[in-house]
K.L.:
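Sharing a structure below in structure tokens format, with a few things to ask.
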Amino acid sequence: MKKPEISLRVPAMADYALVLRLALGGVAILKDLDAGTLDDLRSASDEACDCLLHQAKEAVWLELNVYDAGDSLTVTITAELAQEPADGAPCEDETELSRAVLETLIPVVRMHAADCGCVERIDLTLPKAAAVGA
């Protein structure tokens, strides 16, 4: 991916996930997203943050990046993960429900796992035809 147009990093706490959600309102203005698309993107952001914050390895930071590829818009939410799982247990893939929710909201969803198996990044991609208001 090229360099993001918009980037925001916050502590990995549920309260700060709201900051990422609010930042998407600015993205909507800059990228002419219609209200329905913005609502879906905000809901997907909430789900992605919830997924990243509730894993075996504790997240330290959350970072939002927005990429405009001309024909599509990609929002990535990345978690910087702690070195060791909080309880010492191995990371398990518990993302099936999160993936299902995200895929009902956003046309293209990619979940990237760290070597341990925890999800470290979620990409949400909207084709411009779906993202740009008339």
Side-chain angles (χ1 to χ4, degrees):
M1 259 184 220
K2 65 180 184 172
K3 186 176 177 181
E5 281 189 45
I6 300 165
S7 186
L8 176 62
R9 186 176 184 187
V10 298
M13 297 168 34
D15 291 346
Y16 286 97
L18 177 61
V19 174
L20 299 183
R21 187 180 207 282
L22 292 172
L24 290 172
V27 170
I29 292 168
L30 292 171
K31 300 299 177 184
D32 294 325
L33 302 183
D34 61 46
T37 301
L38 173 59
D39 286 343
D40 288 348
L41 190 55
R42 283 182 168 170
S43 295
S45 168
D46 291 344
E47 183 64 34
C49 288
D50 191 54
C51 176
L52 294 168
L53 291 172
H54 296 96
Q55 302 186 89
K57 281 192 175 180
E58 186 174 299
V60 179
W61 295 99
L62 291 177
E63 185 171 278
L64 172 79
N65 289 295
V66 178
Y67 302 87
D68 189 339
D71 61 342
S72 65
L73 184 70
T74 299
V75 173
T76 68
I77 301 175
T78 305
E80 180 183 321
L81 300 172
Q83 293 297 326
E84 297 297 324
D87 61 4
C91 299
E92 296 180 23
D93 185 358
E94 299 176 359
T95 60
E96 190 173 322
L97 181 59
S98 288
R99 180 183 297 279
V101 169
L102 291 169
E103 289 177 345
T104 63
L105 297 166
I106 303 295
V108 179
V109 176
R110 289 196 177 94
M111 298 176 111
H112 303 270
D115 292 338
C116 66
C118 288
V119 176
E120 64 182 352
R121 188 176 92 216
I122 299 174
D123 300 340
L124 309 169
T125 302
L126 303 160
K128 277 288 184 74
V132 178

K.L.:
Going by atom types alone, do Thr78 and Glu63 pair a side-chain donor with an acceptor below 3.5 Å?
P.N.:
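Glu63 and Thr78 do not have a side-chain donor-acceptor pair below 3.5 Å.
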K.L.:
Would you check if Leu81 and Val60 make a side-chain contact, meaning some heavy-atom pair closer than 4.5 Å?
P.N.:
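Leu81 does not reach Val60 side chain to side chain.
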K.L.:
What closest approach, in Å, do Ala12 and Trp61 show between heavy atoms, and which atom pair accounts for it?
P.N.:
CB-N, 3.6 Å
K.L.:
Would you say the side chain of Val19 lies within less than 4.5 Å of the side chain of Leu64, judging by non-hydrogen atoms?
P.N.:
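With C-beta onward as the side chain, the pair stays apart.
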K.L.:
Hey, does the side chain of Glu103 reach the backbone of Val109 with a donor-acceptor pair shorter than 3.5 angstrom?
P.N.:
no
K.L.:
Please report the interatomic distance CG(Leu20) to CG(Leu24), rounded to the nearest 0.5 Å.
P.N.:
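These two atoms lie 7.5 Å from each other.
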K.L.:
Evaluate Val75 against Ser45 for side-chain contact (heavy atoms from CB on, under 4.5 Å), listing each step before the verdict.
P.N.:
CA-CA 9 Å; Val75 173; Ser45 168; over 6 Å; no
K.L.:
Measure the spacing between NZ of Lys57 and SG of Cys118 and express it to the nearest 0.5 Å.
P.N.:
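Answer for the NZ-SG pair, Lys57 versus Cys118, is 6.5 Å.
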K.L.:
Is there a side-chain contact between Asp50 and Ser98, using heavy atoms and a 4.5 Å cut-off?
P.N.:
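Answer no - side chains too far apart.
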K.L.:
Does any pair with a residue in residues 7-27 pass side chain to side chain donor-acceptor pair (under 3.5 Å), and if so which ones, sequence neighbours excluded?
P.N.:
Ser7-Asn65, Arg9-Glu80, Arg21-Asp46
K.L.:
What is the minimum heavy-atom distance between Ala114 and Glu120, and which atoms define it?
P.N.:
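Smallest interatomic distance, heavy atoms only, reads CB-OE1, 3.7 Å.
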K.L.:
Kindly write out the residues that satisfy side chain to side chain donor-acceptor pair (under 3.5 Å) with Glu5, not counting sequence neighbours, or none if the list is empty.
P.N.:
Lys31
K.L.:
Would you compute the distance between atom CD1 of Ile77 and atom CE of Met111 and round it to the nearest 0.5 angstrom?
P.N.:
10.5 Å
K.L.:
With a 4.5 Å cut-off on side-chain heavy atoms, are Ile106 and Thr125 touching?
P.N.:
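No, too far: nothing below the 4.5 Å cut-off.
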K.L.:
State, to 0.1 Å, how close Ala23 and Leu8 come at their nearest heavy-atom pair, and which atoms those are.
P.N.:
CB-CD2, 3.8 Å
K.L.:
Ignoring hydrogens and angles, tell me if any N or O in the side chain of Thr104 forms a donor-acceptor pair with the backbone of Val101 under 3.5 Å.
P.N.:
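Flag set: sc Thr104 to bb Val101 pair under 3.5 Å.
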K.L.:
Go through the steps to decide whether Leu105 and Leu124 satisfy the test side-chain contact (heavy atoms from CB on, under 4.5 Å), and finish with yes or no.
P.N.:
CA-CA 9 Å; Leu105 297 166; Leu124 309 169; over 6 Å; no
K.L.:
Would you call Leu30 and Asp68 a side-chain contact if the rule is heavy atoms closer than 4.5 Å?
P.N.:
no
K.L.:
What's the shortest heavy-atom distance between Leu102 and Ile122, and which atoms?
P.N.:
CD1-CG2, 3.9 Å
K.L.:
Which value, rounded to the nearest 0.5 Å, describes the distance between Leu41 atom CG and Leu73 atom CG?
P.N.:
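If I round to the nearest 0.5 Å, the distance is 7.5 Å.
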